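Written out below as structure tokens is the structure these notes cover.
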Amino acid sequence: MKKEKIVLKLLNILAKKLNITINYGDYKHNRLIFRGICNQLPPTEFDDDFYDLQDKLLSIERIEKGIVDVNNLLYKNNIAHFNGDITALKAGAIVNAANDEYLGCFVPCHNCIDNIIMSCAGFQMRNELSDIKRQNDYDKQIVKVTRGYNLPCKYVFHIAGPIIYDNVSDKQKIDLKNCYLYCLDKAKEMGLRNIVFCCISTGEYNFPNKLACEIAVRTVIDWLKENEYCLNVVFDTFKNVDKELYNERLSKKN
């Protein structure tokens, strides 16, 4: 079944379930409408037909986009840099810069990394995060771990970094450092062999890019030295400013 027909079927399911009227158009329009509706929905249970169609659509898009196996990247002292779409990476875990609600971004078609990861993974991820939220030890789970679903990675680590409104405080620097440490420790605890970090807090949360890069790289280098555990770490960048910062920082000696 072609993706154009799949999207129409998905929109028909949503229109019936939510009792809404949808203004249909061409494929690009319909695809954005589908994403936007799903972005706004609270955790919701759907019939198997919905998930089957959604998974087929996301599988087609995943293949069209292409998959990059992080095992094939060039590592130096267990660290690699990849510039591109984090949702294309086949890895043990990728890190999502989540918000404090840990349910994904609810702004329709917003281009924050939280929204993009959730949209590419499928609606099952929001439902799993909702299930995690109901667990008795929820507050102790600093890193919320979900399956990757329709992403090529096995797991997604969701963690909320510090929000910067003015100058960066010493506490916020420590908070950002801890985001990396918690994820590294969780990867070790789960026996993973690689993990991919996005640039935590540098997008909507306004952490200065250069300072965030220094904290991230320094923290990872120190953790790898202190832990007798073979873990490959990938820094994923998407914006040119971050690409240049990580290229420059990783080219230096420790």
Side-chain angles (χ1 to χ4, degrees), residues 28 31-32 35 39 61-91 93-99 104-105 107-121 148 151-153 156-168 172-173 175-177 179-180 183-184 194-224 232-254:
K28 185 176 181 180
R31 183 63 181 87
L32 284 173
R35 176 183 170 187
N39 290 160
E61 293 178 343
R62 183 177 66 242
I63 293 169
E64 288 177 344
K65 179 165 51 180
I67 297 172
V68 178
D69 190 333
V70 299
N71 288 316
N72 297 328
L73 298 179
L74 181 62
Y75 291 86
K76 180 180 179 182
N77 298 324
N78 295 97
I79 297 175
H81 173 215
F82 177 80
N83 186 64
D85 187 351
I86 197 170
T87 66
L89 295 180
K90 181 180 180 182
I94 65 172
V95 176
N96 174 31
N99 57 40
C105 171
V107 179
C109 301
H110 193 226
N111 278 327
C112 67
I113 191 168
D114 193 14
N115 192 305
I116 292 170
I117 287 175
M118 299 280 284
S119 297
C120 292
L151 296 166
C153 61
V156 176
F157 288 4
H158 306 262
I159 192 161
I163 304 174
I164 308 303
Y165 296 104
D166 195 1
N167 295 324
V168 182
Q172 288 168 325
K173 294 176 186 177
D175 288 344
L176 182 61
K177 176 181 178 178
C179 285
Y180 287 91
C183 289
L184 292 165
N194 49 62
I195 183 173
V196 182
F197 283 105
C198 64
C199 301
I200 301 172
S201 282
T202 60
E204 297 294 316
Y205 283 10
N206 297 316
F207 206 103
N209 299 71
K210 185 173 183 179
L211 178 58
C213 172
E214 178 57 38
I215 291 172
V217 174
R218 182 76 267 157
T219 301
V220 167
I221 289 174
D222 290 346
W223 188 93
L224 290 171
N232 283 335
V233 178
V234 180
F235 289 111
D236 175 86
T237 57
F238 193 73
K239 297 179 179 179
N240 285 334
V241 60
D242 292 314
K243 174 185 175 181
E244 293 171 4
L245 285 170
Y246 277 86
N247 278 339
E248 180 182 359
R249 178 60 182 84
L250 293 172
S251 67
K252 297 178 180 178
K253 292 184 179 181
N254 296 349

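Sequential numbering from 1 along the given sequence is applied to the chain's residues. Bear in mind that the values here come from a model prediction, so they are computed numbers and not experimental data.
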From [X] [atom1] over to [Y] [atom2], what is the distance, rounded to the nearest 0.5 angstrom?
X      : Y      : atom1 : atom2 : answer
Tyr75  : His81  : OH    : NE2   : 12.5 Å
Leu211 : Ile164 : CG    : CD1   : 8.5 Å
Ile195 : Tyr180 : CD1   : OH    : 10.0 Å
Leu250 : Cys213 : CG    : SG    : 6.5 Å
Asn209 : Lys243 : CG    : NZ    : 15.0 Å
Ile79  : Ile221 : CD1   : CD1   : 4.5 Å

With side chains defined as the heavy atoms from C-beta onward, is the minimum distance between [X] and [Y] less than 4.5 Å?
X      : Y      : value
Ser119 : Asn39  : yes
Asn232 : Val70  : no
Ile113 : Asn96  : yes
Met118 : Val156 : no
Leu176 : Val168 : no
Ile163 : Asn206 : no
Leu73  : Val68  : yes

side-chain contact (heavy atoms from CB on, under 4.5 Å) partners of [X], counting only residues at least two apart:
X      : result
Cys199 : Thr202, Thr237, Asp242, Tyr246
Asn99  : Glu101, Asp114, Tyr205
Lys210 : Leu245
Glu204 : His110, Cys112

Problem set entry | Qualifying salt bridge (charged side-chain N to carboxylate O under 4.0 Å, His left out) pairs with a residue from residues 79-88, counting only residues at least two apart or across chains | Lys65-Asp85
Problem set entry | All pairs passing salt bridge (charged side-chain N to carboxylate O under 4.0 Å, His left out) where residues 74-84 contributes a residue, at least two apart |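 Matches after skipping sequence neighbours: none remain.
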Give me the atom names and distance for the closest heavy-atom approach of [X] to [Y].
X      : Y      : answer
Val95  : Ile86  : O-CD1, 4.0 Å
Cys179 : Gly161 : SG-CA, 3.7 Å
Pro162 : Ser201 : O-OG, 2.9 Å
Gly84  : Phe238 : O-CD1, 3.7 Å

[X]: salt bridge (charged side-chain N to carboxylate O under 4.0 Å, His left out) partners, not counting sequence neighbours:
X      : value
Glu214 : Arg249
Lys239 : none
Asp222 : Arg218
Arg31  : Glu61

For this session: Carefully, step by step, assess Asn194 and Val234 under the rule side-chain contact (heavy atoms from CB on, under 4.5 Å).
Result: CA-CA 8 Å; Asn194 49 62; Val234 180; 5.7 Å; no
For this session: Carefully, step by step, assess Cys183 and Ile159 under the rule side-chain contact (heavy atoms from CB on, under 4.5 Å).
Result: CA-CA 8 Å; Cys183 289; Ile159 192 161; 4.0 Å; yes
For this session: For the pair Val233 and Asn78, evaluate side-chain contact (heavy atoms from CB on, under 4.5 Å) and give the outcome as yes or no after the intermediate values.
Result: CA-CA 6 Å; Val233 178; Asn78 295 97; over 6 Å; no
Problem set entry | With Phe157 via ring-ring contact (aromatic ring centres under 6.0 Å, His included) - residues at least two apart |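 Result, ring-ring contact (aromatic ring centres under 6.0 Å, His included) vs Phe157: none returned.
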Exercise. With sequence neighbours left out, what residues match Asp175 under side-chain hydrogen bond (donor to acceptor under 3.5 Å, both in side chains)?
Worked result: Lys171
Exercise. What do the steps show when you test Asn77 against Leu224 for side-chain contact (heavy atoms from CB on, under 4.5 Å), and what is the final call?
Worked result: CA-CA 9 Å; Asn77 298 324; Leu224 290 171; over 6 Å; no
